[in-house]
Amino acid sequence: MADDKKLTPRASDFSAWYNEVVLRAELADYAPVRGCMVIRPNGYGIWERMQHALDGMFKATGHRNAYFPLLIPQSYLHKEAQHVEGFAPETAVVTHGGGKELEEPLIVRPTSETIIYSMFAKWVQSYRDLPLLINQWANVVRWEMRTRLFLRTLEFLWQEGHTAHATHDEAEEETRSILGIYREFMEKWMAMPVVTGLKSENEKFAGALRTYTLEAMMQDNKALQAGTSHNLGQNFAKAFELKFQSEEGKEEFAWNTSWGVTTRMVGALVMTHGDDNGLVTPPKLAPIEVVIVPIWKTDDEKARLTENADRIAKTLREWGGRGEDQLRVHVDARAGMRAGEKYYEWELRGIPLRLEVGPRDLAANQCVLARRDTREKTTASLDGIAGTVGALLERMQGAMFAAARERREAHSVREPMTYDKFRELMEGDGAFVYAGWNGDPAVEVKVKEETKATIRVLPDPEFRSPSAPTKCMVTGEPAKVEVMWARAY
RNA sequence: CGGGACGUAGCGCAGUCCGGUAGCGCACCUGAAUGGGGUUCAGGGGGUCGCGGGUUCAAAUCCCGCCGUCCCGACCA
């Protein structure tokens, strides 16, 4: 009977566990259209905090928000050869409007390079108009065959940055700089470690010169691409006649970058930190950081405890320890519910800290603090409670990142291994496997067919092994580069 | 689009083989006792059994057609 209330344990069926957490923590729900998802207030609250943090980082680096249309003439998609090849199969097409067949079908944007660079071409004449640094928060549609809540839906929310520069080097610097912003966000806010670096030719964005990626490890040891930053070279500038007159008076094509992160990050958060009791949210992204649960028996106590809970909430909110950033506190004074039932509910929703206060605590001028990440309970004096709570939340943020990184390292392999061993590992627990590669795309295709694993990233120097691998794991030929292999979502 | 499974209350399911008044658990509503980790008892509301047709005195159940969903593959932030 009680089993109905329990979650599927993570270890027994990770996918079922994930779905249950998303649905039961009320992050999202299935929509009537297959593959689409409704993001509920609990889930949107987390997304909003993500948006806010990222938006601040983009603005601080000179980017400005704009908005471009949902509908794009189909011919635009065809102007960049690789781009159309990559996206045409998964675009939704509008063929009718106003009851009539359209002369030219419109596509629902799967991404906005084409429409944005066609506009950039009108806006840019001189090198003085560059760099042009634009971001948009929008929804896009990609007609995926198989979908998963947050990780892959037909329609999703994202931010897509698009920039134009006068030189290749400046565009490359922008691409890397954005990768740094994403990394900082994922590590500091999401408490989620990532491996950064370059995508292989097979895996890069359709139409890009180079694609940089951030790869995170989920708790089933599979990789999730958490964000990308592309150096588009002059591919789109040439397709859309995005030209400018240089300081020397010459006509030149601009250099573009594009980059994005999506609501997939909400799914990543669940899969990185969640446990058998549900969601665990890092304090910085939690719409509610502290839930106060007053405990009472009699009506008399109820009035007294509720009043004191409100008073504690006020003390927490008025604490100035984080400057303008007020502690986000909720008091759960619902009647007719046992305290234990409330605890399970808030744990399922991932609220970082629970503050319990009952008659006995009040008499002793103390309360109980229960951490969501470790589920440890301690008692704390009500004197200076705001400072105690503020400091604890900050420690938790750091502890969650450390724990996630430790877990990832425990499932990362850097020792040279045979291809047979690798196959065995991928069939079993899975891992991030760092190994040498001869640089041949055919090897990557073969490995994908045989093991479902792909080259997730050509890691940046700080993620590479202390001594560079000398041989290709698959062919035994001399290695051209170190790569990280894993199965991915 | 290929292979498999399934559509019965908000959710999870039994009932279908062998036709005979629509069931169970959770959730929801009312009342009481309980109350520091999912409490208990009593009462109650809620269903065109995916849709359409056929067989039959009688269909959730048998037959035909359609629709939809999920899982495995190909695709992907």
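Given the structure is predicted, the values throughout are model-derived calculations rather than measurements. Within every chain, numbering begins at 1; the chains are lettered A, B, ... in the order of the sequence lines, protein sequences first and strands thereafter.
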Grab the N/O contacts between the protein and nucleotides 30-34 of chain B below 3.5 Å, and write none if there aren't any.
from	atom 1	to	atom 2	distance (Å)
U34(B)	O2	Arg338(A)	NH1	2.9

Counter-base of [N], judged by Watson-Crick or G-U geometry with both distances under 3.5 Å:
N      : answer
C24(B) : G12(B)
C17(B) : none
G43(B) : C29(B)
C67(B) : G7(B)
G73(B) : C1(B)
G36(B) : none
C62(B) : G54(B)

Checking contacts here: which listed nucleotide (G73(B), G37(B), A74(B)) is nearest the side-chain heavy atoms of Tyr343(A)? G37(B)
Measure from the side-chain heavy atoms of Glu341(A) and tell me the nearest of G37(B), A74(B), U39(B). U39(B)
Nearest-Å distance for atom pair [atom1]/[atom2], residues [X] and [N]:
X         : N      : atom1 : atom2 : answer
Met190(A) : A77(B) : CE    : C1'   : 13 Å
Tyr212(A) : A77(B) : OH    : P     : 18 Å
Arg360(A) : G35(B) : CZ    : C1'   : 11 Å
Glu155(A) : A77(B) : CD    : C1'   : 14 Å
Arg148(A) : C70(B) : CZ    : C1'   : 13 Å
Leu151(A) : C75(B) : CG    : P     : 18 Å
Arg375(A) : G38(B) : CZ    : P     : 12 Å
Trp158(A) : A77(B) : CH2   : C1'   : 7 Å

Enumerate all atom pairs, one protein N or O and one N or O from nucleotides 3-10 of chain B, separated by less than 3.5 Å.
none

Distance between [atom1] atoms of [N] and [M] (Å, rounded):
N      : M      : atom1 : result
A42(B) : C6(B)  : P     : 37 Å
G45(B) : C29(B) : C1'   : 7 Å
C11(B) : U56(B) : P     : 37 Å
U55(B) : G12(B) : C1'   : 34 Å

Tell me, which of residues 284-309 of chain A have any heavy atom that sits under 4.0 Å from an atom in RNA chain B? Ile295(A), Trp296(A), Lys297(A)
Go through residues 257-270 of chain A and report each residue with a non-hydrogen atom lying under 4.0 Å from RNA chain B, sorted by number.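 The stretch gives Thr262(A), Arg264(A) as the residues lying under 4.0 Å from the strand, ordered by number.
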Do Leu269(A) and Arg264(A) come within less than 4.5 Å of each other through their side chains, counting heavy atoms only?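 They are not in side-chain contact.
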Using the six-membered ring for Trp and the full ring for Phe, Tyr or His, decide whether Tyr344(A) stacks on the six-membered base ring of G38(B) (centres under 5.5 Å, planes under 30°). yes
Salt bridge flag under 4.0 Å for residues [X] and [Y]:
X         : Y         : result
Glu347(A) : Arg375(A) : yes
Asp373(A) : Arg395(A) : no
Lys446(A) : Glu450(A) : yes
Arg372(A) : Asp275(A) : yes

What residues form a side chain to side chain contact (heavy atoms under 4.5 Å, CB included) with Ala370(A), not counting sequence neighbours?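 Checked Ala370(A) against side chain to side chain contact (heavy atoms under 4.5 Å, CB included); matches are Arg354(A), Glu356(A), Lys377(A).
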Which residues pass the side chain to side chain contact (heavy atoms under 4.5 Å, CB included) test with Arg49(A), sequence neighbours left out?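 Arg49(A) satisfies side chain to side chain contact (heavy atoms under 4.5 Å, CB included) with Trp189(A), Leu285(A), Arg328(A) only.
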If you look at every strand shown and take non-hydrogen atoms under 4.0 Å, does Thr211(A) touch a base, only sugar-phosphate, or nothing? nothing
Which part of the nucleic acid does Pro359(A) contact within heavy-atom distance under 4.0 Å: base, sugar-phosphate only, or nothing?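 Base contact.
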Enumerate the salt bridge (charged side-chain N to carboxylate O under 4.0 Å, His left out) contacts for residues 188-200 of chain A, please, sequence neighbours excluded, ordered by first and then second residue.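 The answer is Lys199(A)-Glu215(A).
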Give every residue pair that meets the salt bridge (charged side-chain N to carboxylate O under 4.0 Å, His left out) criterion with at least one member in residues 297-312 of chain A, sequence neighbours excluded. none
Partner residues of Lys204(A) under the salt bridge (Lys or Arg N to Asp or Glu O under 4.0 Å) criterion, sequence neighbours left out: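 Salt bridge (Lys or Arg N to Asp or Glu O under 4.0 Å) check on Lys204(A) returns Glu201(A).
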How would you list, by chain and number, every residue that makes a salt bridge (Lys or Arg N to Asp or Glu O under 4.0 Å) with Lys342(A), sequence neighbours excluded? Asp332(A)
Taking for each residue the nucleotide of RNA chain B bearing the nearest heavy atom, is the 5' side occupied by Cys367(A) or by Tyr489(A)? Cys367(A)
Taking only side-chain nitrogens and oxygens of Lys377(A), does any of them come within less than 4.0 Å of OP1 or OP2 of G37(B)? no
Output all residues satisfying side chain to side chain donor-acceptor pair (under 3.5 Å) with Glu48(A), sequence neighbours left out; order by chain, then residue number. none
For the pair Arg456(A) (side chain) and Trp485(A) (backbone), establish whether a donor and an acceptor sit closer than 3.5 Å, ignoring hydrogens and angles. no
What residue pairs, at least two apart or across chains, pass ring pair (Phe, Tyr, Trp, His ring centres under 6.0 Å) with a residue in residues 192-226 of chain A?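 Checked against ring pair (Phe, Tyr, Trp, His ring centres under 6.0 Å) - neighbours excluded - the pairs reaching residues 192-226 of chain A are His83(A)-Phe205(A), Phe87(A)-Phe205(A), Phe205(A)-His230(A).
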